[in-house]
Amino acid sequence: MKEFRYERSPDPAAAVALLAREPGGAFLGGGTNLVDLMKLGVATPDVLVDVRELTSAEVSDLPDGGLRIGAGVPNADLAADRRVRERYPVLAQALLAGASGQLRNRATTGGNLLQRTRCGYFTDVTRPCNKRSPGSGCGALHGVHRNHAILGQTFEGPGACVATHPSDMAVALVALDAVVRVLGPDGERSLPIGELHRLPGNDPSRDTTLRHGELITAVDLPPLDLPSRYRKVRERASYAFALVSVAAALRVEDGVVADVRLALGGVAHTPWRARAAEETLLGRPATEEAFAAAAGAELAAATPLRDNGFKVPLARNVVVRTLLDLSGGTR
Amino acid sequence: MTTIDRVLGAGIERIDGPAKVRGSAPYAFEQDPGEPITHLALVQSTINRGRITRLDPSAAEATPGVLAVLTPANAPRLSGELTADLPVLQSLDVHYQGQVVAAVVAETSEIARAAVGGVRVEYAAEEPDVTLRADRPDLYAPAQVMAGFATDSVIGDVDGALSTAAVTVDATYETPAQHNNPIEMHTSMARWDGDSLTLWDANQGPHTIQRDLMTAFGLTAGQVRVISPYVGGGFGSKAFAHPHQILAAMAARVVGRTVVLELTRQQMFSLVGHRTPTIQRVRLGADSEGRLTAISHEVVEHTARIAEFAEQTATATRVMYAAPHRRTTHRLARLDVPPPTIMRAPGETPGMFALESAMDELAHTLGIDPVELRIRNEPPRDPERDVPWSSRSLVECLRTGAERFGWAGRDLRPGVRTDGRWLVGTGVAAATYPSRRRKADCRISVDGRGRYLVEIDGSDIGTGTWTALTQIAADALHVGLGEVELRIGDSRLPFAGGAGGSTGLASWGSAVVLTARQLRARLESLGGQPPPDGLTVDGGVPGPSPHAEQYSMHSFGAHFVEVRVDADTGEVRVPRATSVYAAGTIANATTARSQFLGGFCMGLSMALHEESLQDEHFGHFVNHDLAGYHIATNADVGEIDISWLDEEDPWVNELGLKGIGEIGIVGAAAAVANGYWHATGRRIRDLPLTPDKFFR
Ligand SMILES: Cc1cc2nc3c(=O)[nH]c(=O)nc-3n(C[C@H](O)[C@H](O)[C@H](O)COP(=O)(O)OP(=O)(O)OC[C@H]3O[C@@H](n4cnc5c(N)ncnc54)[C@H](O)[C@@H]3O)c2cc1C
Ligand code: SF4
């Protein structure tokens with residue numbers, strides 16, 4: 001591990017100002033991802049600015065009936081929050097499907113959103129990886145990629161990257177239309193979570209649209225008045241990243257889809273909001289056939305790799321099953 | 001005369017348990033060498049094959065706190081007798097990815113690891129050849145396979161019998177490369193005093209490591225001491241010396257200080273061996289009643305270019321079932337991979353996946369219950385050696401297991417049972433493992449007050465040796481447990497083979513029993529009382545059981561599992577399992593249960609998860625950590641019912657004890673794959689049963 005300085009600041013603004021002066025610095029949340037990457041030599045910050053106790057660890061009610069989640073709220077606390085469990089079960093379930101009890105105690109909301117891909121070429125500094133080392137190539141493209149992306153990848157050139165975003169929580173937040181509150185050197189701004197993560201495009205080294213020194217201070221959840229749930233498929237019963245996951249919310253009125261939110265995990269460089277599927281469904285009868293057609297509409301764009309074609313039928317099945325469950329079908 | 005109840009067989013709790021729980025049982029890294037410790041970090045090759053063209057350690061050497069950088073240019077010369085991956089830093093040639101090409105010694109592990117980046121290495125690399133295929137033109141037959149078995153066995157006319165059989169099965173099964181992942185990383189701490197070396201080390205047999213260190217450095221047995229009282233698992237990866245032991249000793253010699261090397265989890269994927277992948281074609285021929293007429297089991301597997309490790313994959317097929325015409329073969333490809341090694345029940349584990357899957361396929365073809373099919377093919381004598389069994393209770397294991405599991409009335413049809421979205425099935429497979437005894441010496445002393453000291457270089461790698469061997473000694477000496485002090489895990493103690501091949505307790509226990517008998521005879525001749533200044537007796541066993549030629553000696557078992565597969569996702573769960581074993585005497589009911597249970601869980605893990613994914617272009621194992629290399633978690637392990645039969649075997653050894661460290665894993669993966677087929681109607685012939693395969 002490269003030597004680094006460890007800094008604490010009196011308040012968020014000071015932390016932002018400090019990091020703005022340190023082009024090679026990074027914020028430190030729970031450290032469960034960043035410190036691992038430092039040990040592997042993948043992340044080499046020369047200064048860490050600890051923000052875990054600086055950002056709020058509170059979940060508070062918003063006037064519109066939504067919730068504000070401080071960036072410092074541990075994943076475990078967020079999953080256990082009564083309001084979250086009652087009003088946003090999809091979020092509580094997504095959190096509990098991730099990592100382990102110990103990690104969730106330590107991991108923060110801000111850090112979870114910004115955790116980096118688990119691609120085995122990204123985490124091994126002896127391999128080519130455009131994300132870690134721009135221009136070196138994409139090791140996974142023709143390598144071991146069973147758990148890589150099927151949507152939105154870049155196949156050619158220095159932008160080639162077929163990695164997925166690993167977070168479960170973020171998939172739920174995308175389905176919930178959460179808003180990310182950010183404090184930067186130029187002040188505060190808010191952005192819809194759908195604009196936080198980005199596809200690799202021609203620069204996979206950037207996972208998000210945040211600029212250096214921008215601090216996530218909170219995540220706002222708008223009110224949700226429809227039933228929701230999260231389903232994660234993984235290679236073992238616990239403690240594994242998603243092959244495919246689905247965050248869904250659905251309201252059926254008179255047998256017709258009145259409202260629907262759908263997001264997929266494990267399929268792309270971002271948590272994937274399934275807009276095409278949602279549009280196909282709205283106003284249609286809530287039947288298995290309609291759910292399958294919606295999943296098909298979303299996955300028509302899929303461009304699977306040599307070894308991950310199974311994710312297409314898998315994602316379709318999980319979408320259909322989750323929507324059936326929400327519409328009152330049984331498991 | 002006092003009478004003492006036998007403590008053998010009792011479920012006595014581990015006598016080393018409290019010390020381990022308190023953290024006061026020192027593992028290799030925690031030993032106190034008596035002086036400040038320096039740390040070693042490794043520079044590893046990033047190519048599989050080629051030559052180092054430039055190696056510049058100057059930036060690392062200039063790092064404050066760095067004591068030395070060892071390279072092929074300056075490392076001490078080792079004996080030319082070392083083979084495989086042991087001649088570390090002796091040449092510029094690279095034979096496998098992860099080979100150590102330089103090593104940094106520093107005051108702290110942080111400095112050492114950071115300085116690794118300061119060693120610049122350039123290579124002339126050749127294209128790696130790492131892919132095993134059954135149609136490779138360069139497959140060859142090794143002179144023999146592991147544990148001294150013949151490479152091939154041929155009896156009768158297999159092809160003729162297959163061509164005339166009423167029913168046949170012809171299927172190819174594959175198992176992937178797998179890696180041992182004991183909790184304790186491989187660790188060696190070396191200290192030299194003049195020309196004498198002490199190594200505190202995590203291994204499965206101090207004498208085995210001592211031998212290679214003597215060879216490497218040209219030392220006598222008296223000059224090398226290997227100390228290993230507590231070891232955090234091994235499964236075979238700690239059975240033999242690997243580069244790290246040599247490196248620690250070499251570095252300590254160069255810097256004149258104690259050096260410790262603890263491998264990282266990632267390094268364990270290249271430096272301590274792996275289980276070879278296998279491609280196995282099994283052909284079975286049977287009459288319409290299900291009696292086998294022909295068995296053919298042809299194995300293709302890999303070894304390293306610099307070392308031959310020929311896994312004995314088809315040897316279980318030589319003993320399992322009766323059939324007049326039979327053939328087993330092993331062919332190897334030499335690839336640019338690190339040397340493979342032992343992984344729990346090498347041979348039987350991949351081999352029985354294939355054979356026991358094929359038996360299930362045959363049962364289906366015939367429409368016969370798979371338990372019944374096995375019973376119909378029970379061989380009265382060893383079918384290849386043509387000698388009687390010392391004892392064989394497979395049929396009883398199958399019947400008892402079927403009873404405990406509730407197998408009766410099972411619907412033979414696959415893919416017809418559901419519970420909500422779960423497809424539900426059940427599977428069965430048999431298990432077997434050879435029973436062997438190895439040479440072991442032993443010394444027992446009694447002091448004037450009647451306290452006994454038992455010394456033998458046995459190993460406890462978490463298996464329970466500390467406890468079980470003490471029980472054996474107490475019984476043999478006719479005293480209580482509290483009167484016996486045991487010493488194991490030190491090459492200064494009388495010679496014994498390591499913990500491997502399920503031979504440990506069979507060999508060490510026999511040595512203890514025979515030595516105790518000698519001591520008691522001496523005591524009796526002295527009137528039953530120890531002389532005031534005590535008495536010491538040396539004894540042991542010379543090697544295999546004297547009856548090993550006349551009898552075929554094996555333990556057997558049977559696994560029954562319930563398997564559930566999600567119809568939407570292909571996720572697999574095994575909510576319950578029953579395993580019944582017949583392995584002769586069981587020395588300690590508690591630790592034995594743990595061995596059976598752990599073996600089964602490892603087989604379950606093999607069935608569902610374990611797979612080392614190799615990049616064909618770059619040649620490395622990509623998922624080289626515990627986040628990427630999936631091992632069953634608690635949530636994957638359901639209710640497991642373990643039991644064993646009372647089985648007496650007068651021929652295997654003094655205790656009638658067949659060894660239990662490995663049989664639990666054997667056949668477990670086949671039972672799960674058979675249950676998967678019964679649940680889904682899909683036969684997955686290549687492990688593991690990951691969800692992607694459901695969508696083929
Ligand atoms: C073994 C293992 C298994 C796991 N399994 C799962 C799983 O199944 N599902 C899943 O979703 N996750 C899983 N995780 C990942 C885990 O959820 C993340 O590591 C965790 O959420 C990261 O949070 P943190 O606070 O520790 O982030 P850190 O490691 O501290 O930081 C992560 C990144 O966020 C940045 N950062 C932190 N806080 C802020 C802030 N407030 N503003 C701006 N930038 C910030 C850091 O600079 C860094 O780049 C697993 C992790 C491990 C180690
Ligand atoms: S998929 Fe992306 S992260 Fe993985 S190797 Fe390619 S560029 Fe790197």
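Just so we're clear, the structure is a prediction, and the values are computed from it rather than from any experiment. Side-chain atoms are counted along with the backbone in the values below, which use heavy atoms only and exclude waters and symmetry mates. Note on naming: letters A, B, ... go to the chains in the order of the sequence lines (proteins, then strands), and numbering restarts at 1 for each one.
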Stepwise side-chain contact (heavy atoms from CB on, under 4.5 Å) test for B:Phe695 and A:Asn317: CA-CA 11 Å; B:Phe695 292 93; A:Asn317 287 357; 3.6 Å; yes
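- Residue contact with chain A, scored on non-hydrogen atoms closer than 4.5 Å, involves the side chain of B:Arg573 exclusively.
- Interface residue B:Leu626: only backbone heavy atoms are found under 4.5 Å from chain A.
- At least one side-chain heavy atom of B:His620 sits less than 4.5 Å from a side-chain heavy atom of A:Arg127.
- Using a 4.5 Å cut-off between heavy atoms, B:Gln44 does not touch chain A at all.
- When each of B:Lys693, B:His617, B:Gln97, B:Glu110 is scored by its heavy-atom pairs under 4.5 Å with chain A, the top score falls to B:Gln97.
- Top candidate by heavy-atom pairs under 4.5 Å with chain B, chosen from A:Gly120, A:Gly143, A:Ser238, is A:Ser238.
- The closest side-chain heavy-atom distance from A:Val318 to B:Thr569 is below 4.5 Å.
- For B:Glu616, no part sits under 4.5 Å from any heavy atom of chain A, backbone or side chain.
- With chain A as partner, the option from B:Ile631, B:Leu689, B:Leu608 having the largest number of non-hydrogen pairs under 4.5 angstrom is B:Ile631.
- Between A:Gly139 and B:Phe618 the shortest heavy-atom distance is CA-CE1, 4.3 Å.
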Worked check of salt bridge (Lys or Arg N to Asp or Glu O under 4.0 Å) between A:Arg118 and B:Asp625: CA-CA 12 Å; A:Arg118 312 301 287 201; B:Asp625 59 29; over 6 Å; no
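- Two residues are said to be in side-chain contact when any heavy atoms from C-beta on lie closer than 4.5 Å; A:Leu40 and B:Gln266 meet this criterion.
- With salt bridges taken as basic N to acidic carboxylate O contacts below 4.0 Å, none links A:Arg236 and B:Asp636.
- Residue A:Lys232 comes nearest to B:Glu571 through the heavy atom pair O-OE2, 3.8 Å, listed as atom of the first residue, atom of the second, then distance.
- Each of A:Val125, A:Asp124, A:Thr126 was evaluated against B:Thr46; a single residue qualifies, A:Thr126, per the side-chain contact (heavy atoms from CB on, under 4.5 Å) test.
- Counting heavy atoms from C-beta outward, A:Phe310 and B:Phe694 have side chains that stay 4.5 Å or more apart.
- Within a 6.0 Å radius of NZ in A:Lys39, no more than 12 heavy atoms belonging to other residues, nucleotides or ligands are found.
- A salt bridge does not link A:Glu3 to B:Arg113: none of the charged nitrogens lies less than 4.0 Å from a carboxylate oxygen.
- The minimum heavy-atom distance between B:Ala635 and A:Ala237, with the atom names listed, is O-CB, 3.6 Å.
- Using a cut-off of 4.0 Å between Lys/Arg side-chain N and Asp/Glu carboxylate O, B:Arg421 and A:Asp325 are scored as not salt-bridged.
- The environment of CZ in B:Arg120 is sparse: at most 12 heavy-atom neighbours from other residues, nucleotides or ligands sit within 6.0 Å.
- Nearest heavy atoms, A:Glu235 versus B:Pro691: CG-CD, 4.1 Å.
- For chain A, the option among B:Asp692, B:Thr633, B:Asp615 with the highest count of heavy-atom pairs below 4.5 Å is B:Asp692.
- Of the listed residues A:Asp307, A:Leu314, A:Val312, the one with more heavy-atom pairs under 4.5 angstrom with chain B than any other is A:Leu314.
- The pair A:Arg146-B:Glu611 meets the salt-bridge criterion, since a charged nitrogen lies less than 4.0 angstrom from a carboxylate oxygen.
- Only the side chain of B:His609 has a heavy atom closer than 4.5 Å to any heavy atom of chain A.
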